[in-house]
Amino acid sequence: MAAPVRTLCCSALRLSSRHFGTTCGAQGGQKWRLQHGLARSGSEYGPLTDRPDWSFADGRPAPPMKGSLRRKQEREVVARRIVMLNSEVDRGLEMWQEKQEEARKLEEHRKSLLLKPKGRLLLKK
């Protein structure tokens with residue numbers, strides 16, 4: 001009995017002219033913005049989010065909003081982390097180069113300790 005109901009439902013869906021959309025409506029323009037080097041959404045960064053909404057009539061800037069202060073602090077934290085990680089990479093690269101130099105010197109020292117050719121073998125060179 002379950003098989004006829006299933007085939008009936010499947011055939012009804014196949015004959016239906018409606019299609020279901022699977023994309024999110026909030027992503028409108030995201031692809032275009034990414035292709036043009038802009039933010040993923042219009043509210044991530046840029047003048048509309050970074051600059052104040054208003055200013056005084058005499059030209060003085062408005063006091064910073066909480067959101068802009070939060071974003072500024074987040075950017076500072078990210079910048080500090082980038083500098084720290086960059087210095088770690090530089091230190092690691094220097095240590096690796098020092099190890100490579102030590103390994104090269106050790107190999108040269110080992111080669112210098114090998115037996116030297118003597119007699120006819122020395123004359124052939």
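Sequence positions, counted from 1, serve as the residue numbers for this chain.
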Next on the checklist: Is it the case that over 12 heavy atoms from other parts of the model lie below 6.0 angstrom from the CZ atom of Arg75?
Outcome noted: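 Check passes, neighbour count above 12.
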
Any heavy-atom pair between the side chains of [Y] and [X] that's under 4.5 Å?
| X | Y | answer |
| --- | --- | --- |
| Leu34 | Gln30 | yes |
| Arg80 | Met84 | no |
| Lys31 | Gln35 | yes |

Could you give the distance from [atom1] ([X]) to [atom2] ([Y]), rounded to the nearest 0.5 Å?
| X | Y | atom1 | atom2 | answer |
| --- | --- | --- | --- | --- |
| Glu102 | His109 | CD | NE2 | 14.0 Å |
| Asp90 | Met95 | CG | CE | 13.0 Å |
| Lys72 | Met65 | NZ | CE | 15.5 Å |

Item to check | Over all atoms of both residues, closest heavy-atom pair of Ser55 and Arg60 | outcome: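 In this case the closest contact between Ser55 and Arg60 is CB-O, 3.5 Å.
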
Item to check | Atom of Pro63, atom of Phe56 and distance for their closest heavy-atom approach | outcome: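 Smallest heavy-atom distance, with atoms named: CD-CE1, 4.3 Å.
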
Item to check | Residue list, side-chain hydrogen bond (donor to acceptor under 3.5 Å, both in side chains) with His36, at least two apart or on another chain | outcome: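 Here the qualifying residues are Trp32.
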
Checklist entry - Is Arg104 salt-bridged to Glu107, cutoff N-O under 4.0 Å? => result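 Salt bridge between Arg104 and Glu107, a charged N being under 4.0 Å from a carboxylate O: no.
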
Checklist entry - What residue among Leu106, Leu114, Leu113 forms side-chain contact (heavy atoms from CB on, under 4.5 Å) with Arg110? => result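 So, applying the side-chain contact (heavy atoms from CB on, under 4.5 Å) to Arg110 and each of Leu106, Leu114, Leu113, only Leu106 qualifies.
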
